Amino acid sequence: MNHFISATDVTSIQQLVDNALQYKLNPFLDAQLGKGKRIGLLFLNPSLRTRLSTQVAAANLGMEAIVFNVDKEGWALEFQEGAVMNGTTVEHIKDAAPVLGQYFDILAIRTFPALKNRADDYSEMFIKQFIRFAGVPVVSLESATLHPLQSLTDIITIQESIKQIGAMHKPKVVLTWAPHIKPLPQCVANSFAQWVNAWGNANFVITHPKGYELAEQFTNGATIIHEQEEALKNADFVYVKNWSSYEQYGEILPANTNWMLTNEKLAFTNQAKIMHCLPVRRNIELSDEILDGPNSLVTQQAGNRVWAAQAVLAAILNTLNQSNEPTDHC
Ligand code: CP
């Protein structure tokens with residue numbers, strides 16, 4: 001694997017999931033793989049799980065991880081080609097990224113969308129500029145439109161839970177929109193849809209109020225149902241997440257009451273396991289009774305972030321190590 005930005009960077013999702021579950025059984029299986037290598041974790045936005053799980057994963061592989069909170073500690077970066085830098089930005093990505101590529105063997109970057117201009121956000125300019133100018137593999141720690149480490153984690157969690165509950169059929173997985181007080185990115189929902197569709201081992205349903213349709217490039221393959229109770233029927237897994245409107249870009253639409261998941265709604269499901277990427281606004285996005293109840297997978301899911309990150313870093317390290325192997329010359 002060269003870069004990890006999207007499901008399309010992965011040859012076999014199932015292989016990556018299996019590798020991650022191997023690491024969960026034996027965290028130090030490849031403790032020498034990253035010896036002498038460094039990863040730079042660059043944050044332009046806050047994080048708890050992504051930052052710490054990736055640091056733990058790197059340590060398990062023998063790598064050194066250095067965190068740089070670019071938003072608080074770095075120079076304000078400019079990403080526009082040809083920018084006349086007479087405003088607040090101090091350093092162009094064309095200058096900063098190659099320097100970072102000199103310091104690190106892998107760069108990992110978190111950046112959120114501005115949610116002002118859909119075309120700008122969906123162009124993924126920030127992460128593409130890092131790839132273009134850094135000269136080393138780039139891992140997305142969440143970008144403007146996708147959160148691939150989260151989605152890999154989610155599939156790992158579904159797979160291990162299927163084994164635990166012994167389901168014989170393809171699980172019904174429902175992604176449900178939930179309320180929130182702030183406009184949030186579509187990244188987690190886009191990415192979950194992209195990965196579940198690419199994985200192909202679930203009957204996948206998305207439910208949301210009208211007006212919250214996600215980009216078809218990610219949802220193609222899923223069944224869309226606008227009545228939440230109908231969608232929840234016989235669900236084995238329910239993934240709860242808020243996102244702002246894609247059509248009326250970045251907006252919260254009026255009159256979306258009664259979409260928070262409760263035990264009353266859980267009764268429509270097949271005793272579904274409940275997932276959320278965290279952080280979660282309790283009793284707005286998801287009820288206490290669900291989060292504190294026996295069906296919640298959220299802590300197990302967040303714990304699995306380590307194994308997802310470890311599987312991805314190992315795949316990139318294997319590619320790096322292969323490219324550094326001496327070739328035979330005759
Ligand atoms: N789920 C997730 O990405 O959590 P953090 O924002 O805390 O990293």
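Every number for a ligand or one of its atoms is a count from 1 in the order of the listing. The figures that follow rest on heavy atoms only: side chains count, while hydrogens, waters and symmetry mates do not. The first residue of the sequence shown is numbered 1, and numbering continues consecutively from there. In this text, all values refer to a predicted model and were calculated from it rather than measured experimentally.
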Heavy-atom count check: over 12 atoms from other residues, nucleotides or ligands less than 6.0 Å from Lys170 NZ? yes
Counting heavy atoms not belonging to Glu264, are there more than 12 under 6.0 Å from its CD? no
State the atoms of ligand 1, each with its element, that fall below the 4.0 Å cut-off from a heavy-atom position in [X].
| X | answer |
| --- | --- |
| Cys277 | 1 (N) |
| Gln150 | 1 (N), 2 (C) |
| Arg305 | 1 (N), 2 (C), 3 (O) |

What is the closest protein heavy atom to [atom], and at what distance does it sit?
| atom | answer |
| --- | --- |
| atom 6 (O) of ligand 1 | Arg110 NH1, 2.9 Å |
| atom 7 (O) of ligand 1 | Leu48 N, 2.7 Å |
| atom 4 (O) of ligand 1 | Arg49 NE, 2.9 Å |
| atom 3 (O) of ligand 1 | His147 NE2, 2.8 Å |
| atom 1 (N) of ligand 1 | Leu278 O, 2.8 Å |

Tell me whether Asp288 is salt-bridged to Arg282, with the criterion being a basic N under 4.0 Å from an acidic carboxylate O. yes
Salt bridge Lys37-Glu64, side-chain N to carboxylate O under 4.0 Å: no
Ring center gap for Phe112 and Phe43 short of 6.0 angstrom: no
Between Phe79 and Phe133, ring centroids under 6.0 Å: no
Contact check: Glu142 vs ligand 1, nitrogen or oxygen atoms, below 3.5 angstrom: no
Close side-chain approach of Leu141 and Thr54, heavy atoms under 4.5 Å: yes
